**Student:** 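Once you've had a glance at the structure underneath, I'll fire off some questions.
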Amino acid sequence: MSYHTLVASVTVQFTLKIAGREMEASARVPAGPARVVDALPVLHGIAGAVVEAAEEGKRISCRAGCGACCRQLVPIAEAEARYLAALIQSLPEVRERFKAAVAALDAAGLGDRLRRLEQLAPAERQALGLEYFHLGVACPFLEDESCSIHPSRPMSCREYSVTSPVGNCRNPHPETIAMVPLPVKPSVLLFHFGDGKGEDRLRFLPLILALEWVAEHEDDPQTELEGSDLLLNFLRKLTVKRAQTESSGRTE
Ligand code: SF4
């Protein structure tokens with residue numbers, strides 16, 4: 001099982017409007033029916049473009065070799081869980097790191113709440129996030145304090161970009177962490193994208209439970225749409241959400 005080799009693909013050209021700029025872009029998407037997981041590399045690329053546009057002109061503190069944020073509770077979409085599971089299918093050492101991390105979190109009494117993350121109220125999620133961070137359990141993909149899957153990392157990781165001093169990330173707190181504000185969070189759109197249209201209920205899980213979740217849901221049916229429709233539906237949702245946040249004057 002691999003989500004990285006497209007058997008056949010087509011090029012879709014589109015205009016991306018971010019941070020007051022219009023960018024002509026093109027992307028290769030699967031030709032014919034595809035699952036959201038098949039389109040993830042393209043959707044990740046769009047998320048990267050949104051973040052890059054938001055970062056323009058700012059002094060970004062994040063550097064390779066600083067993995068402070070990689071001990072946080074990272075929410076990912078179900079499609080990302082499938083993508084990551086496929087990515088490490090032949091990497092037993094990473095799978096072992098997943099097992100050890102989940103065992104440490106279970107032993108610390110976080111397992112039940114992590115498995116119900118979607119159902120927790122925002123304040124409970126925030127409290128869990130702090131407990132999680134203070135345990136210091138590193139992401140299984142962290143090697144030498146750098147992300148070993150940087151080009152394939154989840155959307156939430158791409159969106160975590162700060163301008164506050166690096167040292168503040170070792171004890172993150174809303175008052176001391178200045179994240180780059182985004183006009184729209186592509187990860188949240190992806191959490192609603194189980195139907196390939198962005199109308200689905202919110203579906204997400206902690207990265208650390210990706211393998212466990214996939215083992216339990218491997219045979220669940222997955223929506224299939226034309227690859228180009230998946231891309232265009234995501235772009236439409238991005239445009240609508242961006243317009244909403246701009247008219248409200250807020251960022252995410
Ligand atoms: S996937 Fe990479 S960037 Fe994201 S938390 Fe893990 S090591 Fe860090």
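Quick caveat, the model's predicted, so the values are computed rather than measured. Start at 1 and go down the list; that is how both ligands and their atoms are numbered.
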**Student:** Whether Arg82 and Glu218 form a salt bridge (side-chain N of Lys/Arg under 4.0 Å from carboxylate O of Asp/Glu) is what I want to check.
**Tutor:** no

**Student:** In chain order, what residues pass the side-chain contact (heavy atoms from CB on, under 4.5 Å) check against Ala25, with sequence neighbours excluded?
**Tutor:** Phe14

**Student:** Strictly under 2.8 Å of atom 2 (Fe) of ligand 1: which protein N/O/S atoms qualify?
**Tutor:** Cys147 SG

**Student:** Taking the side chain as everything from C-beta on, heavy atoms only, tell me whether Glu199 gets closer than 4.5 Å to His192.
**Tutor:** no

**Student:** Enumerate the residue pairs fulfilling ring-ring contact (aromatic ring centres under 6.0 Å, His included) with a member in residues 212-244, sequence neighbours excluded, ordered by first and then second residue.
**Tutor:** Phe193-Phe234, Trp213-His217

**Student:** Do Leu230 and Val29 come within less than 4.5 Å of each other through their side chains, counting heavy atoms only?
**Tutor:** no

**Student:** Sequence neighbours excluded and cut-off under 3.5 Å, please list the side-chain donor-acceptor pairs for residues 66-73, or say none.
**Tutor:**
residue, atom, partner, partner atom, Å
Arg71, NH1, Gly67, O, 3.1
Arg71, NH1, Glu145, OE1, 3.2
Arg71, NH2, Glu145, OE2, 2.8
Gln72, NE2, Tyr160, OH, 3.1

